[in-house]
Asks: 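To start, I am sharing the structure in question, which I have written as structure tokens.
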Amino acid sequence: MKYGGPFTIIYAMSQQNVSTHWADIYADKIIREKGEKELYTCASGITPSGTVHIGNFREIISVELVVRALRDKGKNVRFIYSWDDYDVFRKVPKNMPNPELLATYLRKPITLVPDTTGRAENYARANEVDVERILPTVGIECEYLYQAERYRSGMYCEGMRTALEKKEEIRAILDEFRTEDLDDDWWPIAVFSSFTDKDTTTILDWDGEWAVTYRDDETGQIETIDLRHTPYAKLPWRLDWPMRWAFEGVDFEPAGKDHHSEGGSFDTSRKMVRVFGAEAPVSFQYDFISIKGRGGKISSSSGEVISLYEVLEVYTPEITRYLFAGTRPNSEFAISFDLDVLKIYEDYDTCERIYFGLQEVNEKRRAKEKRIYELSQVGEVPTEASFQIPFRHLCNLLQLHEGDIERALDTLGEMSESQRERLTVRSRCAWNWITTFSPEDFRYRLMRADDPLVELNDEERSAVQALARVVEVMDEIDDGEYTTGLYDAAKLNGLDTGDFFKLVYRIMIGKERGPKLGPFLKTCGKEKVLSILTRY
RNA sequence: GGGCCGCUAGCUCAGUAGGUAGAGCAACGCCCUUUUAAGGCGUGGGUCACAGGUCCGAAUCCUGUGCGGCUCACCA
């Protein structure tokens, strides 16, 4: 063996074999703080009480990246995602069909609320399904845990009993940060009424074991339930979270900055988890995501939110991952739908070139970009780079072919099957972007035979005909001669070159301006250009 | 009031296991016999908010100050 011994190891570590990517750093931290374990549990979760938006996605992708980092270190990892679908339906969301019907379900668990969009068996499930269906697209596979099901099956009865037993301890932790202390008659569990399914109940008594007596505040009915068998009891959020950490043995779970403030729910949970006999997971705080460049398309007051689905219309799965893998979680960033899209694609391509050694950079940068590229892949890292063309050029090609991706790609020459596949996915995103979000200036369409002709005077007509003769041979002559030909077509017919170019754009794409003419005509190809010019 | 984050080129931001300050855009210049919106090459530009401290060495670590933002203290 060539390698071995402590010196080699130290040398290797000093030579950047240790990744400085945040996901790897947290993976190391988990191993360091939790020790060597047979199985590490990483958790994420959210309430499906509304459309799950891209901000929520940051949490799950952050966990997934750390999970991947742990697995890359040879660790066995359980990746769980808790749907808090035993949460209460507090208000009817905007833009939902049949709001009157929904209003009658307020204060009931969201898992009992009907889905008025008709997509799933209930409201919570509809939101869950949307997410569960799309996550594999970006390479995320996890184990879903449904809180409603678990509470109702009695799985958490021990946790609830523990909460009741340690009521005063828990109260003290919560009161530490409250402006007003909890009421004397506060209880650490919540009960849905078996008469109305609503959470409008008051707990009256606990027998010290499993029996809890409550009153339905609406009907006045009183009932005693057994925590081991009742489907109606649950823990409030600030207790539910630490209880689940203990129950699942969670080693890692990040949280948003709202939770991570002192006195926030992560903070109280961290203190409370000992009540349930466990230690807090390793965590970090992730910041919010904002959206840039969808102005005009939606009104921000309409309540419409951007979900992963919308992002994937414009960004490929790899680039979507890249956005998150390439940004430290504790910094806020915007997902852009405006011209920044071009830069993001170019940045990703640069990252890819560096990974494949097609672009020289210093070693430090290379190591960083390489890791980001790996983590951005949905599945296995490709064995060859993409067929790279500038994103702008791709947009031009697609517009020239009016969105016909197959034909546009056919003009590009030889590429492997995998390259063609990847470029096809990218083309779909590019086309969506062009047609939905690109600036008006960016868009055009080649004129067709049935489009009205532009009126020309004699000089203009002969200039256009002269241009046609240049185009006829443009693939054979050199660039200098070609460019000269373009200008001469105008000059020799007594036209100002600026006016002439405008004229050509009107003829070609019906606009005053367009992509730089020389390269543009070449990209279009002789055939297409002549079919338009020869109309004159 | 507590907590967290940020302050780096004209603009938007990279860059924190300490080791000669980077990119894109903008500007400027040159080239493709004139930018025609999207081409190529190149140049200039920063007291890394401020003040201390640790260190051979600090944008990076520590302390303090200022400014900006977010968040918690109700529910989840």
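Per chain, numbering begins at 1; letters A, B, ... match sequence-line order.
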Asks: Would you measure the distance from the P atom in rU12(B) across to the matching atom in rU8(B) and give it in whole Å?
Replies: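 One P to the other, the span is 9 Å.
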
Asks: Say you pick atom C1' in rG53(B) and the same atom in rA76(B); how far apart are they, in whole Å?
Replies: 44 Å

Asks: Between Tyr86(A) and Asp240(A), do the side chains contain an N or O donor and an N or O acceptor separated by less than 3.5 Å?
Replies: no

Asks: Figure out the CZ/C1' separation between Arg353(A) and rA23(B), and round it to whole Å.
Replies: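 Going from Arg353(A) (CZ) to rA23(B) (C1'), I get 13 Å.
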
Asks: What's the NE2-C1' distance between His21(A) and rG15(B), to the nearest Å?
Replies: 14 Å

Asks: Check whether the side chains of Ser269(A) and Trp245(A) place a donor and an acceptor atom closer than 3.5 Å, and report yes or no.
Replies: no

Asks: If you measure from the C1' atom in rG46(B) to the same atom in rC4(B), how many Å do you get, rounded?
Replies: 28 Å

Asks: NA contact type, Phe520(A), heavy-atom cut-off 4.0 Å: base, sugar-phosphate, or nothing?
Replies: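 No contact.
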
Asks: If the condition is side chain to side chain donor-acceptor pair (under 3.5 Å), which residues does Thr162(A) pass it with, not counting sequence neighbours?
Replies: none

Asks: Can you confirm whether the side chains of Thr111(A) and Asp85(A) place a donor and an acceptor under 3.5 Å from each other?
Replies: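 Result is no, nothing qualifies.
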
Asks: Given the C1' atoms of rG57(B) and rU16(B), what is the spacing between them in whole Å?
Replies: 16 Å

Asks: Using a 3.5 Å limit on both pairing distances, list the dot-bracket string of RNA chain B from the 5' end; Watson-Crick and G-U wobble pairs count, crossing pairs take [ ], interstrand pairs take |.
Replies: ((((((((.[[[[.)...(..]]]].(((((.......))))).....[[[[[..)....]]]]])))))))....

Asks: My understanding is that only residues two or more places apart in sequence, or in another chain, count here; which of them pass side chain to side chain donor-acceptor pair (under 3.5 Å) with Arg152(A)?
Replies: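 Arg152(A) satisfies side chain to side chain donor-acceptor pair (under 3.5 Å) with no other residue.
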
Asks: If I pick the P atom on rG66(B) and the same atom on rA51(B), what distance separates them, to the nearest angstrom?
Replies: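 Each nucleotide's P atom is 15 Å from the other's.
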
Asks: Taking the C1' atom of each, how far is rA9(B) from rA59(B), in whole Å?
Replies: 14 Å

Asks: Which sits closer to the 5' end of RNA chain B, Leu517(A) or Gln285(A), going by the nucleotide each is nearest to?
Replies: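 Result: Gln285(A).
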
Asks: If the P atom of rC28(B) is compared with that of rG64(B), how far apart are they to the nearest Å?
Replies: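 Nearest-Å result for rC28(B) against rG64(B) at atom P: 46 Å.
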
Asks: To the nearest angstrom, how far is Arg392(A) atom CZ from rG24(B) atom C1'?
Replies: 12 Å

Asks: Rounded to the Å, how far apart are Leu486(A) CG and rC32(B) P?
Replies: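 So the two atoms are 15 Å apart, to the nearest Å.
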
Asks: Is it the case that the side chains of Ser193(A) and Glu218(A) hold a donor-acceptor pair, with the cut-off being a distance below 3.5 Å and no angle test?
Replies: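 No, no side-chain donor-acceptor contact under 3.5 Å.
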
Asks: At under 4.0 Å between heavy atoms, how does the protein contact nucleotides 69-76 of chain B? Give one character per nucleotide, 5' to 3', with B, S or -.
Replies: -SBSSSSB

Asks: State the CG-CZ distance between Leu70(A) and Phe252(A), to the nearest 0.5 angstrom.
Replies: 8.5 Å

Asks: Report the residues that fulfil side-chain contact (heavy atoms from CB on, under 4.5 Å) with Gln285(A), sequence neighbours left out, ordered by chain and then residue number.
Replies: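 Gln285(A) satisfies side-chain contact (heavy atoms from CB on, under 4.5 Å) with Lys257(A), His260(A) only.
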
Asks: Would you say Lys29(A) reaches rA17(B)'s phosphate, i.e. side-chain N/O to OP1/OP2 under 4.0 Å?
Replies: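 Indeed not, no polar side-chain atom of Lys29(A) lies that close.
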
Asks: Rounded to whole angstroms, how far apart are OH on Tyr345(A) and P on rA23(B)?
Replies: 25 Å

Asks: Looking for any heavy atom pair under 4.0 Å, which part of the strands does Arg328(A) touch: base, sugar-phosphate only, or nothing?
Replies: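 Since a base atom lies under 4.0 Å of Arg328(A), the category is base.
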
Asks: Roughly, in whole Å, what's the span from CZ in Phe266(A) to P in rG2(B)?
Replies: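 So the two atoms are 23 Å apart, to the nearest Å.
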
Asks: In chain order, what residues pass the side-chain contact (heavy atoms from CB on, under 4.5 Å) check against Ala69(A), with sequence neighbours excluded?
Replies: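 Partners of Ala69(A) by the side-chain contact (heavy atoms from CB on, under 4.5 Å) criterion, ordered by chain and then number, come out as Ala23(A), Asp24(A), Ala27(A), Arg371(A).
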
Asks: Would you measure the distance from the C1' atom in rC11(B) across to the matching atom in rG45(B) and give it in whole Å?
Replies: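 So the two C1' atoms sit 13 Å from each other.
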
Asks: Return yes if a side-chain donor-acceptor contact under 3.5 Å exists between Ser49(A) and Arg90(A), otherwise no.
Replies: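 The criterion, which ignores hydrogens and geometry beyond distance, is not satisfied for Arg90(A) and Ser49(A).
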
Asks: Determine the contact category for Lys502(A): base if any of its heavy atoms lies under 4.0 Å from a base atom, sugar-phosphate if only primed atoms, P, OP1 or OP2 are that close, otherwise nothing.
Replies: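 No contact.
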
